[in-house]
Amino acid sequence: MNRERFSVEPLEQGMSFKAKAYQALRQAITQMNIYGQSSEIRLDERRLCEALGVSRTPVREAMALLEQEGFIRSQPRRGIFVVRKTKAELVEMITVCAALEGMAARLFVENATTDKLELLHAAFDKYTKAELAEHVAEYSDANIVFHQSIVQASGSALISDLTDRFFIHMRAIRRATMGIGDRADQSIHEHRDIIEALAARDADLAERRVREHTLGLAQYVERHCAFLD
């Protein structure tokens, strides 16, 4: 069992400790490398209380809410673990995200301002093939921001809310697969094709390219991620 350390700071006064503990723990889980290792990540309640500077009550209340939302699970006599999806569950999740992100791309064409498009350009124009090989981790973060940016610029609060439910696992599996084989090089080429379609204000093409790009991740996980079984 892996007890990965949380990156959290003591909580300040203001909103309730329960709400602050929830936000801090959720953010910490989002940053964890859930699929970058073979073992489950176990949470240590006592250490979390010490790191946050609060008693066990708000931490337990926050964890109860996180468990209801599917981020963690508790097992009697074993402890509390960050939820790790199976390969089949991830493939299904990615497939759903492909549809949502595809529609977000269509709405991006209809609603996004030019400066939003320029931000997408700026995020990827700096990566040559040689630089990409040396900065895979940095590119992985840019890749995640890319997908978030399209959703946010779509103007659809519902799509944003739905994709946010999957974000922790989508972020983790995108990061885990980015350094495998030629995945990073393939990804950046597809991103540039997507940006081209968005710049042309071609809603049909943008939707199709984003959907196919994300479905490509589902296919990649199915074929190459044996560590998830």
Side-chain angles (χ1 to χ4, degrees), residues 4 6-7 23 25-37 41 69-71 82-85 89-105 107-108 112 116-127 131-157 159-195 197-198 206 209-221 224-225 228:
E4 183 167 317
F6 266 29
S7 237
Q23 289 183 350
L25 295 177
R26 191 180 190 280
Q27 177 63 22
I29 292 172
T30 299
Q31 299 298 322
M32 296 178 84
N33 192 9
I34 301 172
Y35 301 106
Q37 55 205 348
I41 298 173
E69 295 177 342
F71 295 120
V82 177
V83 168
R84 179 183 166 102
K85 301 291 186 183
E89 289 171 335
L90 279 170
V91 169
E92 182 179 23
M93 181 183 296
I94 297 166
T95 301
V96 172
C97 275
L100 293 170
E101 290 180 352
M103 180 54 66
L107 294 173
F108 183 105
K116 299 295 184 183
L117 188 61
E118 290 174 351
L119 288 174
L120 294 181
H121 268 297
F124 295 101
D125 286 349
K126 62 182 179 180
Y127 291 104
E131 290 172 336
L132 184 60
E134 297 172 0
H135 300 91
V136 172
E138 180 185 330
Y139 173 73
S140 177
D141 290 338
N143 169 52
I144 293 161
V145 172
F146 175 83
H147 288 270
Q148 285 183 298
S149 297
I150 291 177
V151 169
Q152 291 167 0
S154 72
S156 172
I159 292 178
S160 180
D161 180 59
L162 291 170
T163 55
D164 186 58
R165 298 182 191 182
F166 304 141
F167 177 69
I168 287 175
H169 296 282
M170 291 295 293
R171 179 185 186 278
I173 195 60
R174 278 174 168 144
R175 173 172 286 182
T177 58
M178 192 56 68
I180 302 175
D182 63 349
R183 181 70 189 158
D185 187 55
Q186 179 184 352
S187 171
I188 198 167
H189 283 297
E190 291 176 358
H191 281 188
R192 286 173 176 154
D193 287 342
I194 290 167
I195 293 171
L198 294 172
R209 284 182 174 175
V210 169
R211 184 177 64 249
E212 290 176 351
H213 169 67
T214 303
L215 286 175
L217 174 61
Q219 294 165 2
Y220 196 88
V221 168
H224 301 288
C225 295
L228 294 171

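Hydrogens, waters and symmetry mates play no part in the numbers below; they use all other heavy atoms, side chains included.
Within the 4.5 Å cutoff, side-chain heavy atoms of Asp141 are placed close to those of Arg175. Between Leu215 and Ile94 there is no side-chain heavy-atom pair separated by less than 4.5 Å. Gln23 has its side chain out of reach of Gln27: every pair of non-hydrogen atoms, C-beta onward, lies at least 4.5 Å apart. Within the 4.5 Å cutoff, the side chain of His169 has heavy atoms near those of the Val83 side chain. Side chains of Ile194 and Ile150 form a contact here, defined as non-hydrogen atoms less than 4.5 Å apart. Counting heavy atoms from C-beta outward, Leu25 and Phe71 have side chains that stay 4.5 Å or more apart. At least one side-chain heavy atom of Leu228 sits less than 4.5 Å from a side-chain heavy atom of Arg84.
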For Thr214 and Leu100, what are the C-alpha separation, side-chain angles and deciding distance, and is it a side-chain contact (heavy atoms from CB on, under 4.5 Å)? CA-CA 10 Å; Thr214 303; Leu100 293 170; over 6 Å; no
Could you go through the side-chain contact (heavy atoms from CB on, under 4.5 Å) check for Met93 and Lys85 one step at a time? CA-CA 10 Å; Met93 181 183 296; Lys85 301 291 186 183; 3.7 Å; yes
Hey, mind stepping through Arg192 and Asp185 against salt bridge (charged side-chain N to carboxylate O under 4.0 Å, His left out) and telling me if it holds? CA-CA 11 Å; Arg192 286 173 176 154; Asp185 187 55; over 6 Å; no
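In terms of heavy-atom proximity, Ala105 sits nearest to Ala206 at CB-O, 3.8 Å. Minimum interatomic distance between His213 and Ser187 (heavy atoms only, all atoms of both residues): CE1-OG, 4.0 Å. When all heavy atoms of Phe146 and Leu120 are compared, the closest pair comes out as CD1-CD2, 3.7 Å. Of all non-hydrogen atoms in Val91 and Ala218, the two that sit nearest each other are CG2-O, 3.9 Å. Nearest heavy atoms, Gly102 versus Val210: N-CG1, 3.8 Å.
Here the options are Ile144, Asn143, Leu217, the test is side-chain contact (heavy atoms from CB on, under 4.5 Å), and the partner is Met178; only Asn143 passes.
Remark: side-chain polar atoms of Ser154 are paired, donor with acceptor, to backbone N or O of Val151 under 3.5 angstrom. Looking at Thr163, its side chain does come within 3.5 Å of a backbone N or O of Ser160 through a donor-acceptor pair. Judged by distance alone, with hydrogens and angles left aside, the side-chain atoms of Ser149 form a donor-acceptor pair with the main-chain N or O of Val145 at under 3.5 Å.
Note: Glu212 CD to Gln219 CD = 9.5 Å, rounded to the nearest 0.5 Å. Atom-to-atom distance recorded for Phe108:CZ and Ser156:OG is 14.0 Å, nearest 0.5 angstrom. How far CG of Asn33 is from CD1 of Ile41: 7.0 Å, rounded to the nearest 0.5 Å. One distance of note links CE of Met170 with CG of Asp164; it measures 12.5 Å at 0.5 Å rounding. To the nearest 0.5 Å, atoms OG1 (Thr30) and CD1 (Ile168) are separated by 3.5 Å. Note that CD1 of Ile34 and CD1 of Ile173 are 9.5 Å apart. Values are rounded to the nearest 0.5 Å.
For Tyr35 and Thr177, the side-chain atoms include no donor-acceptor pair closer than 3.5 Å. Counting only N and O atoms by type, the side chains of Gln152 and Gln148 include no donor and acceptor under 3.5 Å apart.
With ring centers used as reference points, His191 lies under 6.0 Å from His147.
Considering only residues two or more places apart in sequence or on other chains, Asp182 meets the salt bridge (Lys or Arg N to Asp or Glu O under 4.0 Å) condition with none of them. Qualifying salt bridge (Lys or Arg N to Asp or Glu O under 4.0 Å) partners for Glu138, counting only residues two or more places apart in sequence or in other chains: Lys126.
The pair Glu101-Arg174 meets the salt-bridge criterion, since a charged nitrogen lies less than 4.0 angstrom from a carboxylate oxygen.
The environment of CD in Glu89 is crowded: more than 12 heavy-atom neighbours from other residues, nucleotides or ligands sit within 6.0 Å.
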